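As the structure is a prediction and not an experimental result, all values here were calculated from the model. First the proteins, then the strands, lettered A, B, ... as listed; each starts at 1.
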Amino acid sequence: MTMDKRYNVEETEKKWAKKWVENKTYEFVETKKNYVIDSPPPYPYVSLHAGNFFNFAYQDFVARYKRLRGFSVLHPWGWDCHGLPAEIFIEKKYGKTAEKIGIEAFKELCEKHILENIENIRENQAQVIGMSVDWSKQYATMTDDYKTRVQKSFLEMVKKKYVYRKEAPVSWCVSCHTAIAEAQTDKIERETNFYHINLPLKNKKGSITIATTRPELMPSCVAVFVNPKDERYKEFIGEIVKIPFFGQEVKIIADEKADPEFGTGAVYHCTFGDKTDWEWVVKHKLPIIKSIEENGKLNENTKFLKDLTVIQARKKIVEKLEKEGLLFETKKTNQTINSCERCKTPLEILIKKQWFFATTKLVKEIAEASDKMKWHPSFAKQRLLDWNNNVAWDWVISRQRYWATPFPVWYCEKCDETIFANEKELPINPSKKIKKCKCGKNALPETDVMDTWMDSSISAHHVSQWLSKERKNRLSDLRSQGEEITKTWLFYTIARCLAYKKKLPFTDVLINGMVQGTDGKKMAKRSTNMILPEELFKKYSVDAYRQWVGKSMPGEAWPINPSEMEYSQKFLTKIWNTSRFIEQHLKNGKPKLDNFADKWIMNTYHALISKVTKHMDSFEWGLSLESLRNFLWHEFADYYLEMIKYRIYNNTKNSDESKKVLKTILSGTLRMLSPFTPFITEEIWNNLYNEESIHHQKWPKTEDSDEKILKQGDDLKTFISALRTWKTNNKLGLGKELSNVVIYASKKNVEHFTDDLKGTMRIKELTIEEKTAGTRINEKFGFSVHKV
RNA sequence: GGGCUCGUAGUCUAGUGGUUAUGACGCCGCCCUUACAAGGCGGAGAUCGGCGGUUCAAUUCCGCCCGAGCCCACCA
C-alpha cells in the first residue's frame, strides 16, 4: 500500500478507534508479568469534562508503555454511578424526584438514564481518545456484583471495628436533607452581622459581652468561653451567666481556643456552631441542647422560635434582644462558611446517628502505606499526608438519600439490636426484606444509604478480581488520578484497602495536575475559560491533544495551549512525510555501519532510547515526548535525511545500509511515540510494516552509544550549518553545487566525515588544510568557498 | 494565615554549580533542494522574578522578599 500524500487525520483516527475495539487489540490475557491499573471510574450521567480527558491520557500513556515493555496490561474501565450529584442531575433533567414518584421508581429512572449514557460516553468520548482499555473488563458501581463487593466489605469492616454507628455531630444540608462529608463541603464567603450581646451575670452585677453571628442558637447555649490570658475577663472565669429568654445558667470557662483578638474575646458556646464547639463539648463535658431539626427549622427547645427557619429565627431574636436592650452592638463582618458543594446551602451541625468509617484510627497506617508507595511527583505524597494528619472526624459514610448502595442492616424496633445481612443474601436492599430480631419483634430496615466514595474506594479491590489469584501485598500496580481528588478517592481507597484487606491498593501513584484555561486559571464548567476537549479533537486531532497532555509533567497545572497543539499537529505531518520518504527507500535487515553519518545517527538513536526509557519509567511524559520530537524532527529529518540523499539517490556505496538505518530508526521511534500518538503510529506501521498492531510490538532495546561519535556528529553538523549560512547569505539555494571548498581543521578531527560533508553540501572538490584561515566557525574550524 | 508547585526572549518551554543557556510559536530575510510551503535554511530577540548568602565560580544550592496557580484553615 502506498501512503497518501496527505495524512487524513479525521478518517484515520475514526478508523482505528473503531478497529481497536472490534479487534480487541487491548484484551487482557493474564501472564506471569501483569500490570494492573486502578483507573478512575468517571460519572456516567453527564458528559466527560476536560479533567477526565487529561487524566485518561495519563493512564493510557502508562498502559501503552507497559504493554510495549512486555507486560500484560489490565486496563479496565469503571463507571461511578451512584450519588447525590447523579440524583440532582436526574431530578433536573426529568423533573421528577424520589419524593414525588417513589424511591424505587426514581432509582429505576436513574439506572435507565445511566445505562443509556454509558453507551454514549463510551462510544463518543472514551473510545474516541483511543483509550487502550479492555472493554470486556468494564464495571459499573450500580451492578449487583459491585454492590455485593461493597456490602461485603462493609460487613467485614463492621467486624473489624472500622465501621461503627453512633450519635455524632455531622455537617448537615437542610436542603438536600443529608449528612455531608467534610470532603464534599464548599466554602462561601459572605457578609454577615456580628452581634455583640450582653449576657447578665447571675451572682454579680453586670454582664459579659459576647460576639456571635448565630444569635438564634441562644437556646442551645451551654457555656461561655474566654481566653485564660485575657486580662479583661480574668475575674469572670467561673462565674455563672443566665441566658436571657431561655433561662439556662451556664458557666464562664477559660480555654486557649478562645481568641482574644476576635470579636469581644468572649464566645458563647452552642450546640452547634462550628467544629471547635464539638471539641469543647468533649473536653469540658458539656451538655447538648438540640435546637435545629433536619429540615432546618428550630424545635421546641427554642420556645418562641419553634418552627421558624434559621434566618427567620435570627431576625426574631435580634428584634427581641434590641427591645430588651441586650444588643450592645451590630457590626458587619466577612465570614466564610461551610456550605453544601451541590446546592450551596449553608451547612448546619447536627447530632445524628450515622455510620462512620474510622479514618482517624488509620492515620499511622496510612502514613506508613504512603511510604511504601512510589509517588509521581514526590510532592503529591505530602498533600495526602497533610490531609491525613488533619482529619479531625471520622468519615461519615451514611447519606439520607436514595440512589446509592444500601446498608445491609436492620434495627429491632424494640430492643435496638442491629441485625446484619448474611453474606449469602448480598446484594440486598433491606427495605425489600423483612427480618425479625432474636427477641421476636420486627426489625426495621436501614433507609440511609452509603456515600458514593464507599463504592469507588474499593475500585482497586474490584479490578484485582481479574487476576486468577489476588496478589499478596498489593491489589493493583498503579493509581492514576487528578490531584483534586487526593483527599477523597485516594485517601479513602488507601484507608479502605488497609482496613479491609491489609493490603496496599497500589504501589505507584501517578497524579496529574489541574487543567487550566488559556488564562492560566482552573478550568471550570461555569467559567468563560471552558473549552470542551471534543472541540480540540475536532480542531486539531486526538493525537495532537494527546501530545499537549504529553508535554506536561506529573502534578503540574497545565494550561490549554493552542499553539502547542498547532505544533503537535505539524509534528504529525512531519512524521507522516518522513515515513513517506522512507517508504520509497525500504530495505530490511540490520545495517552495517561503515558510513559516518549512519554511525552517528545510530548512536544518537541509541542515546535517545536510553533517555526516553528512563523518563518513561518515571512517568516524565514531557521530557520523553520532547526528546522524541526533537530527535525525529531536528536530528533525523533535518540532518540525517539530508546527509544521505546524495547516496541513496545515486545508489552509491553503502546506500542500502542507510536504507536499513532509516527503517530501523523509524520503526523504533514510532514504537516509542505510540503511547503518545497511537493513531498515526498505528496507521504508518500498518502501511509500512504491514504486521500486527504497533501496540503489540516491543519497546526498542537500549544499547550503548559512543560519546566520541556523538561529538564528531556535532562537528559535522557545525560544518553543515556554517555552509548553509554561507549559501543563504550569498543568496544561493541549498541545492546549489559548490565546485571548490577548503575547510580548515586538523585532519584527524574531520577526515571521517568529509565524504558526508561533500555529499550533503554538494561540494565537488573538498580539501582540508590544517592552518585556520578563511571564515572562522569556532576555535577548531574554519572554511572558505573558493569557487561556486 | 499554613502547605505544595511555579517564575528562563513578546508568548510557551528544556536544562545545568563552570565553554556561546534548549526547543517551539510569533517576527525578519533567503529558498518551490525529486518526503514535506502544514516545508527547509538562516537571523534578530533573555541583566534565567528581586535582594542577600554559601562558593574560586550561582540561572542552578540556601535565606528573605515580590508575583502566579492549586489545596487546606479562616471560627464564636
Side-chain angles (χ1 to χ4, degrees), chain A residues 3 5-7 9 182 187 189 194-195 210-215 217 221 224-225 257-259 262-270 272-277 280 333-338 377-383 385-387 389-390 392 483-484 486-487 513-514 516 518-522 551-553 555-559 561-585 622-623 626-627 629-630 633-634 637-638 641-642 645-646 649 662 720-737 762 778-779:
Chain A
M3 289 170 71
K5 192 154 194 261
R6 292 228 158 156
Y7 173 51
V9 193
E182 273 184 85
K187 314 284 164 189
E189 232 177 276
F194 209 11
Y195 303 98
I210 59 103
T212 183
T213 55
R214 305 285 312 256
L217 291 177
C221 177
V224 170
F225 284 97
K257 281 233 170 178
D259 182 357
F262 197 81
T264 60
V267 195
Y268 84 148
H269 163 83
C270 308
F272 279 116
D274 71 2
K275 265 201 230 168
T276 316
D277 288 343
W280 279 340
T333 183
N334 281 323
Q335 179 191 38
T336 312
I337 50 164
N338 276 321
S378 49
F379 62 76
K381 180 174 159 186
Q382 200 50 46
R383 291 245 172 96
L385 291 176
D386 286 350
W387 177 249
N389 293 332
N390 288 314
E483 65 171 339
E484 77 282 3
T486 298
K487 56 179 179 159
M514 303 295 295
Q516 297 177 332
T518 45
D519 56 359
K521 300 239 168 78
K522 179 178 164 178
K551 276 281 287 179
S552 72
M553 293 283 270
E556 248 179 12
W558 203 237
N561 186 340
S563 68
E564 169 56 39
M565 283 188 227
E566 269 160 39
Y567 178 75
S568 300
Q569 196 60 27
K570 287 183 185 174
F571 179 65
L572 295 179
T573 307
K574 195 72 199 178
I575 308 176
W576 187 255
N577 285 314
T578 307
S579 303
R580 277 181 57 227
F581 174 79
I582 293 171
E583 185 189 29
Q584 293 162 27
H585 306 287
L623 302 179
E626 179 83 7
S627 313
R629 280 171 170 183
N630 283 341
W633 201 325
H634 302 295
D638 287 347
L641 261 45
E642 297 308 318
K645 275 179 180 170
Y646 77 99
Y649 287 151
L662 287 178
I720 291 173
S721 182
L723 283 159
R724 278 172 175 169
T725 311
W726 188 87
K727 279 187 174 177
T728 303
N729 291 343
N730 289 278
K731 303 201 189 296
L732 294 174
L734 293 176
K736 186 82 183 164
E737 193 180 77
R762 320 275 150 106
N778 57 27
E779 287 166 357

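The closest side-chain donor-acceptor pair between A:Glu564 and A:Ser568 falls under 3.5 angstrom.
Atom CD of A:Glu583 sits about 11.5 Å away from atom CG of A:Asn577, to the nearest 0.5 Å. Summarising the geometry, atom CZ belonging to A:Phe194 is positioned 7.5 Å from atom OG1 belonging to A:Thr212; distances are rounded to the nearest 0.5 Å. Note that the NZ atom of A:Lys5 and the CZ atom of A:Arg580 stand 6.0 Å from one another [nearest 0.5 Å].
Mapping A:Asn561 and A:Glu626 onto RNA chain B by nearest heavy atom places A:Asn561 at the nucleotide closer to the 5' end.
The aromatic rings of A:Trp633 and A:Tyr567 lie parallel to each other, with less than 30° between the two planes, well short of the 60° mark.
Within 4.0 Å (heavy atoms only), A:Gln516 reaches sugar-phosphate atoms of the nucleic acid but no base atom.
A distance of about 15 Å separates the C1' atoms of B:U33 and B:G42, rounded to the whole Å. When the P atom is used for both B:G23 and B:A46, the distance is 16 Å, rounded to whole Å. Nucleotides B:C27 and B:U11 have their C1' atoms positioned 12 Å apart, rounded to a whole Å. Distance noted for atom P between B:A14 and B:A24: 15 Å (whole Å). Separation of the P atoms belonging to B:C6 and B:C75 is 31 Å when rounded to the nearest angstrom. B:U55 and B:U60 have their P atoms separated by 16 Å, with the value rounded to a whole Å. Spacing between B:U59 and B:A21 at atom P, rounded to whole Å, works out to 13 Å. For the C1' atom pair drawn from B:A9 and B:G43, the interatomic distance equals 14 Å after rounding to whole Å.
Pairing for B:C75 is absent, judged as Watson-Crick or G-U wobble with the two contacts each under 3.5 Å. Using N1 to N3 plus N6-O4 or O6-N4 for Watson-Crick, or N1-O2 and O6-N3 for G-U wobble, each under 3.5 Å, B:C4 pairs with B:G69. Remark: B:C30 base-pairs with B:G40. Criterion, Watson-Crick or G-U wobble with two distances under 3.5 Å. When both distances must be under 3.5 Å, the Watson-Crick or G-U wobble mate of B:G63 is B:C51.
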Would you give a per-nucleotide map of nucleotides 3-9 of chain B, 5' to 3', where B means the base has a protein non-hydrogen atom under 4.0 Å away, S means only the sugar-phosphate does, and - means neither?
SBS----
Return a single string for nucleotides 34-44 of chain B, one symbol per nucleotide in 5' to 3' order, where B is base contact, S is sugar-phosphate-only contact and - is none, cutoff 4.0 angstrom on heavy atoms.
SBB-BSSSS--
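The two residues A:Ala637 and A:Thr578 come nearest to each other via the heavy atoms CB-OG1, 4.3 Å. Smallest separation of non-hydrogen atoms from A:Met3 and A:Ser579: CE-CB, 3.7 Å. For the pair A:Tyr268 and A:Cys221, the tightest heavy-atom approach, listed with the atom from each and the gap, is CD1-SG, 3.6 Å. The minimum heavy-atom distance linking A:Gly555 with A:Phe379 is given by the pair O-CZ, 4.0 Å. Minimum interatomic distance between A:Lys645 and A:Phe581 (heavy atoms only, all atoms of both residues): CE-CE1, 4.0 Å. For the residue pair A:Ala557 and A:Gln516, the shortest heavy atom distance occurs at CB-NE2, 3.4 Å.
In this structure, A:Glu484 places its CD atom 12 Å from P of B:C70, rounding to the nearest Å. Between the CZ atom of A:Arg629 and the P atom of B:A14 there is a distance of 12 Å, given to the nearest Å. Here the C1' atom of nucleotide B:U22 and the CG atom of A:Leu623 are 12 Å apart, to the nearest Å. Going from atom CE of A:Met565 over to atom P of B:U13 covers 14 Å, rounded to whole Å. Separating the OH atom of A:Tyr268 from the C1' atom of B:C75 is a distance of 14 Å, rounded to the nearest angstrom. In this structure, NZ of A:Lys551 is placed 12 Å from P of B:C25, rounded to the nearest angstrom.
Considering only side-chain atoms of A:Tyr567, the nucleotide from B:U13, B:A24, B:A76 that sits closest is B:A24.
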